[in-house]
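Worksheet: the structure to be examined is printed underneath.
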Amino acid sequence: MPSSKHIVVANWKMNKLPSQAKPLVAEILMSYLKKNSDLIVCPPYTHLANISANKIISGFYLGAQNMSEFESGAHTGEISADMLLDLGCTHVIIGHSERRMMSEKENIIIPQKISLALQKGLKVIYCCGENLESRESKQEETFVSNQLKNDLYHLENLDKIIIAYEPIWAIGTGKTATSDQAEAMHAFIRQTLSEKYSNSDQVKILYGGSVKASNASEFAKKENINGVLVGGASLIPVDFIEIIEAFNS
Ligand code: PEP
């Protein structure tokens with residue numbers, strides 16, 4: 001099993017204004033400071049400079065929600081790994097299902113993005129998870145193992161990878177996987193990775209999908225659930241703090 005320290009990731013998606021980032025983070029940090037879990041906050045790109053410049057990033061890690069597969073150059077509208085590092089980011093989310101659904105190309109370039117992020121020194125929060133059709137036809141394990149093989153198996157080790165299992169049918173829908181369903185999939189992911197990686201037992205596997213203050217403690221009890229990736233509820237400090245508390249043991 002990985003070290004007992006849990007990880008809680010806030011994915012703000014395309015919410016809040018840059019000027020609202022500082023008070024939101026400050027409110028969360030007031031309660032977080034003494035906690036025994038790692039907190040990673042992933043605001044929109046436009047908020048990163050504000051959070052960094054205000055020197056409020058001590059106490060938690062700053063992450064981005066995506067990055068370009070290219071190092072630099074003529075890629076209008078894209079953001080590079082170096083830009084993220086320059087702004088104080090330590091982590092980047094890659095493979096979020098909302099991005100995978102935007103274009104077919106995203107699925108193809110994920111391995112490239114992961115390699116570049118790691119080469120530059122960013123830690124990767126890699127997202128995987130099945131769609132509703134696969135779950136209903138009991139093909140969820142095949143779906144997820146194919147994602148792992150396509151996206152990660154070019155890597156020699158998983159040292160700087162955090163995995164977030166996020167069933168697509170549970171993201172932003174209010175419908176959560178049960179803690180038993182999540183635990184079963186996390187155990188399956190660990191088992192699958194062990195066929196290729198000797199230290200797969202050290203990889204942190206987070207659950208994501210409509211995690212709320214009311215259900216977080218159920219996930220926190222499970223052996224293979226090493227934390228959570230939280231979207232909607234991370235924007236409500238009182239709820240998010242309760243989620244952090246649930247993962248504080
Ligand atoms: C997410 O952003 O990955 C997510 C799980 O969102 P939500 O918690 O809103 O379902």
Side-chain angles (χ1 to χ4, degrees), residues 6-16 21 24-25 28 37-48 60-67 89 91-103 106-107 110 113-114 117 123-132 134-135 140 143-144 147-148 151 161-179 181-183 185-186 189 204-220 222 224-247:
H6 288 114
I7 298 176
V8 178
V9 182
N11 176 16
W12 290 4
K13 310 194 187 195
M14 196 174 72
N15 290 299
K16 299 289 172 187
L24 180 57
V25 166
I28 293 165
S37 49
D38 283 335
L39 172 62
I40 307 167
V41 178
C42 304
Y45 292 136
T46 46
H47 305 29
L48 294 170
F60 69 98
Y61 297 99
L62 190 60
Q65 298 174 17
N66 185 35
M67 58 167 258
C89 285
H91 293 73
V92 60
I93 297 175
I94 296 182
H96 194 285
S97 61
E98 288 163 6
R99 295 213 59 87
R100 290 183 192 257
M101 280 185 283
M102 277 175 209
S103 93
E106 187 66 21
N107 284 314
I110 285 171
K113 286 190 180 188
I114 292 175
K123 295 198 172 107
V124 171
I125 302 163
Y126 162 73
C127 300
C128 60
E130 79 283 359
N131 57 26
L132 186 58
S134 303
R135 170 63 62 171
E140 68 273 15
F143 190 105
V144 171
Q147 282 185 322
L148 297 173
D151 299 340
I161 303 277
I162 297 163
I163 295 182
Y165 166 60
E166 302 205 298
I168 297 169
W169 48 272
I171 298 180
T173 58
K175 206 171 170 179
T176 37
T178 65
S179 55
Q181 282 173 320
E183 170 65 14
M185 181 57 86
H186 285 218
I189 290 172
K204 302 267 182 158
I205 309 179
L206 318 183
Y207 170 74
S210 299
V211 173
K212 300 188 266 296
S214 57
N215 60 23
S217 57
E218 284 307 306
F219 294 108
K222 298 293 183 186
N224 282 289
I225 299 182
N226 312 120
V228 277
L229 196 168
V230 187
S234 71
L235 298 164
I236 309 162
V238 62
D239 288 5
F240 191 52
I241 288 160
E242 230 181 286
I243 293 170
I244 295 170
E245 300 274 359
F247 282 90

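Keep in mind it's a predicted model, so treat the numbers as computed, not measured. Just so you know, ligand 1 is whichever comes first in the structure, and atom 1 is the first atom listed for that ligand.
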Short list, please: which atoms of ligand 1 are under 4.0 Å from a heavy atom of Leu229?
1 (C), 3 (O), 5 (C)

Looking at ligand 1, does Ser234 have a heavy atom less than 4.0 Å from it?
no

Could you go step by step and tell me if Ile189 and Cys128 meet the side chain to side chain contact (heavy atoms under 4.5 Å, CB included) rule?
CA-CA 10 Å; Ile189 290 172; Cys128 60; 4.2 Å; yes

Note: ligand 1 atoms sitting under 4.0 Å from heavy atoms of Gly232 are 7 (P), 8 (O), 9 (O)

Closest approach of Ala164 and Leu229, non-hydrogen atoms and distance?
CB-CD1, 3.7 Å

For atom 8 (O) of ligand 1, the closest protein heavy atom turns out to be Gly231 N, 2.9 Å

Do the side chains of Val228 and Leu206 get nearer than 4.5 Å, heavy atoms only?
no

With side chains defined as the heavy atoms from C-beta onward, is the minimum distance between Ile7 and Asn226 less than 4.5 Å?
no

In terms of atom number and element, which parts of ligand 1 are under 4.0 angstrom from non-hydrogen atoms of Ala170?
10 (O)

Trp12 and Gln65 side chains, donor-acceptor separation under 3.5 Å:
no

Polar contact flag for Lys13 and ligand 1 (N/O pairs, less than 3.5 Å)
yes

Logged contact type for Asn11 with ligand 1, heavy-atom cut-off 4.0 Å, is side chain

Check each atom of ligand 1 against the heavy atoms of Gly209 and keep those under 4.0 Å away; list them by number with element.
5 (C), 10 (O)

Counting only N and O atoms by type, is there a donor-acceptor contact under 3.5 Å from the side chain of Tyr126 to the main-chain atoms of Ile114?
no

Salt-bridged, Glu106 to Arg100, with N to O below 4.0 Å?
no

Looking at Gly208, which atoms of ligand 1 are within less than 4.0 Å of one of its heavy atoms?
5 (C)

Determine whether any heavy atom of Ser210 lies closer than 4.0 Å to an atom of ligand 1.
yes

Tell me whether Val230 has any N or O atom under 3.5 angstrom from an N or O of ligand 1.
no

Mutual orientation of the aromatic rings belonging to Phe219 and Tyr207 [parallel < 30°, tilted 30-60°, perpendicular > 60°]:
parallel

I'd like to check which ligand 1 atoms, numbered from 1 as shown, lie under 4.0 Å from a non-hydrogen atom of His96.
1 (C), 2 (O), 3 (O)

